[in-house]
Peer 1: 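Shown below is the structure under consideration.
Values in this document were obtained by computation on a predicted structure and should not be read as measured data. If you read the sequence from its start, that first residue is 1, and numbering goes on from there. Worth knowing before you read on, the calculation uses all heavy atoms, side chains too, and leaves out hydrogens, waters and symmetry mates.
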Amino acid sequence: MQPSSNEPISSCHSKARAWVLVGMMGAGKSTVGRQLAELSGRKFVDLDSLLQLRFGRPVHQIFSVYGEEAFRGHETSLLRSLEPEPIVLATGGGVVLREENWIEMRRLGLVLYLRTDVDTLKERLTQSKRRRPLLEVADWEARLAALVTQRSEFYERADGVLEIGERTLEETAQEAFALLTAMEGQT
């Protein structure tokens with residue numbers, strides 16, 4: 001189905017389009033995304049991994065050497081380079097902050113917000129071995145809470161919201177699969 005000139009892009013999803021996961025760092029986008037790709041038979045793509053390949057260094061080094069603005073610009077560039085195809089795309093936590101990224105994510109397919117409470121995020125991030133550049137401050141927990149507050153309204157723009165709550169990451173992937181499949185069926 002082709003969009004008419006006044007029809008929003010987000011209403012023109014088809015099964016040949018991506019499932020784009022957004023949410024805070026620690027929400028499980030990459031882990032859930034891999035499991036969701038396995039459940040659906042889709043290829044898994046991680047935007048942060050693509051950025052690391054582009055720069056030849058980990059995300060925290062990209063931030064420290066080039067700065068957040070350059071990092072965000074390359075995120076947008078990578079989104080623009082992707083074609084709408086049946087993949088599961090895990091994005092970085094801040095991808096939602098740029099309007100042009102919303103245009104690109106919707107061009108690619110359905111956007112699903114993995115909503116997670118701050119306490120769960122703190123627990124997961126404490127256990128994670130990954131360095132998070134935006135949390136490399138003395139009071140990282142306060143910084144995390146501030147980021148959640150700042151970004152919530154942006155995440156809520158997604159086509160669907162999955163409240164993770166007490167679900168395991170495996171249960172989250174199964175719920176995401178059911179929700180995205182149902183959302184595709186409505187288009």
Peer 1: When you look at Leu114 and Val32, which way does the side chain to side chain contact (heavy atoms under 4.5 Å, CB included) test go after all the steps?
Peer 2: CA-CA 9 Å; Leu114 300 181; Val32 168; 4.2 Å; yes
Peer 1: At what distance, to the nearest 0.5 angstrom, does NZ of Lys29 lie from CG of Leu112?
Peer 2: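 Lys29 NZ to Leu112 CG: 11.5 Å, rounded to 0.5 Å.
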Peer 1: Taking all heavy atoms of Ser30 and all of Phe44, pick out the closest pair and write down the distance.
Peer 2: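 The answer is O-CZ, 3.6 Å.
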Peer 1: With a 4.5 Å limit on heavy-atom distance, are the side chains of Leu108 and Leu79 in contact?
Peer 2: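 Answer yes - side chains close enough.
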Peer 1: Report the C-alpha separation of Trp19 and Leu89 in whole Å, then their side-chain angles, then the decisive distance to 0.1 Å, and conclude whether the side chain to side chain contact (heavy atoms under 4.5 Å, CB included) test is met.
Peer 2: CA-CA 6 Å; Trp19 291 346; Leu89 176 64; over 6 Å; no
Peer 1: Check whether Arg107 reaches the backbone of Glu83 with its side chain - one donor and one acceptor, N or O, closer than 3.5 Å.
Peer 2: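 Pair absent, no side-chain N/O of Arg107 close to backbone of Glu83.
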Peer 1: Between the side chain of Trp102 and the main-chain N/O of Val96, is any donor-acceptor distance below 3.5 Å?
Peer 2: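 Answer holds: yes.
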Peer 1: If you measure from CG on Leu36 to CD on Gln174, what distance do you get to the nearest 0.5 Å?
Peer 2: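 Rounded to the nearest 0.5 Å, the CG-CD separation comes out at 10.5 Å.
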Peer 1: To the nearest 0.5 Å, how far apart are CD in Glu175 and CD1 in Ile164?
Peer 2: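 Spacing of CD (Glu175) from CD1 (Ile164) equals 11.0 Å.
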Peer 1: Determine yes or no for a side-chain-to-main-chain donor-acceptor pair under 3.5 angstrom, with Glu184 supplying the side chain and Thr181 the backbone.
Peer 2: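 No; zero donor-acceptor contacts below 3.5 Å.
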Peer 1: Can you give me the closest heavy-atom contact between Thr91 and Leu47, atom names plus distance?
Peer 2: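 Looking at all heavy atoms of both residues, the shortest contact is CA-CB, 4.1 Å.
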Peer 1: Side chains of Arg54 and Ser77 only: does a donor on one sit below 3.5 Å from an acceptor on the other?
Peer 2: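 Note: Arg54 and Ser77 side chains meet the donor-acceptor criterion.
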Peer 1: For Thr149 and Ala145, indicate whether the former's side chain and the latter's backbone hold a donor-acceptor pair under 3.5 Å.
Peer 2: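 It does hold such a pair.
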Peer 1: So does Glu166 have more than 12 non-hydrogen atoms from other groups sitting under 6.0 Å from CD?
Peer 2: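 It does not: Glu166 CD has 12 such atoms or fewer within range.
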Peer 1: Thr120 and Glu123: side chain to side chain contact (heavy atoms under 4.5 Å, CB included), yes or no, with the steps?
Peer 2: CA-CA 5 Å; Thr120 301; Glu123 181 181 320; 5.7 Å; no
Peer 1: Between Thr172 and Arg167, do the side chains contain a donor N or O and an acceptor N or O under 3.5 Å apart?
Peer 2: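 No - no donor-acceptor pair under 3.5 Å links their side chains.
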Peer 1: Look only at the side chain of Ser152 and the backbone of Val148, and say whether a donor-acceptor pair between them is shorter than 3.5 Å.
Peer 2: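 The answer is yes, because a donor-acceptor pair under 3.5 Å joins these two groups.
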Peer 1: Which atom pair, heavy atoms only, marks the closest approach of Arg17 to Pro84?
Peer 2: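 Residues Arg17 and Pro84, closest heavy atoms: NH1-CB, 4.3 Å.
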Peer 1: Quick one: do His74 and Phe55 satisfy ring pair (Phe, Tyr, Trp, His ring centres under 6.0 Å)? Show the steps, please.
Peer 2: CA-CA 10 Å; His74 283 277; Phe55 281 92; 4.6 Å; yes
Peer 1: Quick one: closest heavy-atom pair of Gly28 and Leu169, and the distance?
Peer 2: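 Closest pair (atom of Gly28, atom of Leu169, distance): CA-CD2, 4.1 Å.
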Peer 1: What are the two closest non-hydrogen atoms of Val65 and Arg57, and how far apart are they?
Peer 2: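 Looking at all heavy atoms of both residues, the shortest contact is CG2-NH1, 3.2 Å.
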Peer 1: Under 3.5 Å, is there a donor-acceptor pair between the side chain of Tyr113 and the main chain of Val22?
Peer 2: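 Between the backbone of Val22 and the side chain of Tyr113 there is no qualifying donor-acceptor contact (under 3.5 Å).
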Peer 1: State the CZ-CG distance between Phe71 and Leu51, to the nearest 0.5 angstrom.
Peer 2: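 Output value for this atom pair is 5.0 Å.
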Peer 1: Hey, is the main chain of Val95 close enough, under 3.5 Å, to the side chain of Asn101 for a donor-acceptor pair?
Peer 2: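 Checking the backbone N and O of Val95 against the side chain of Asn101, a donor-acceptor pair under 3.5 Å is found.
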Peer 1: Salt bridge check, Glu38 against Lys43: does any charged N sit closer than 4.0 Å to a carboxylate O?
Peer 2: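 No, this pair does not count.
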Peer 1: Mind checking side chain to side chain donor-acceptor pair (under 3.5 Å) for Ser40 and listing every partner two or more places apart, or none if nothing turns up?
Peer 2: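 By the side chain to side chain donor-acceptor pair (under 3.5 Å) rule, Ser40 matches no residue at all.
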Peer 1: Working note: Glu69 + Arg72, criterion salt bridge (charged side-chain N to carboxylate O under 4.0 Å, His left out); need CA distance, chi angles, decisive distance, verdict.
Peer 2: CA-CA 5 Å; Glu69 191 58 31; Arg72 299 289 174 216; over 6 Å; no
Peer 1: Using side chain to side chain contact (heavy atoms under 4.5 Å, CB included), reason through Met24 and Arg115 one step at a time and then give a plain yes or no.
Peer 2: CA-CA 8 Å; Met24 281 297 298; Arg115 184 167 44 205; over 6 Å; no
Peer 1: Once you round to the nearest 0.5 Å, how far does OG1 of Thr31 lie from CG of Asp46?
Peer 2: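 Result: 9.5 Å between the selected atoms.
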Peer 1: Just how far is it from atom CD of Glu68 to atom CD of Glu75, taken to the nearest 0.5 Å?
Peer 2: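 Here the interatomic distance stands at 8.5 Å.
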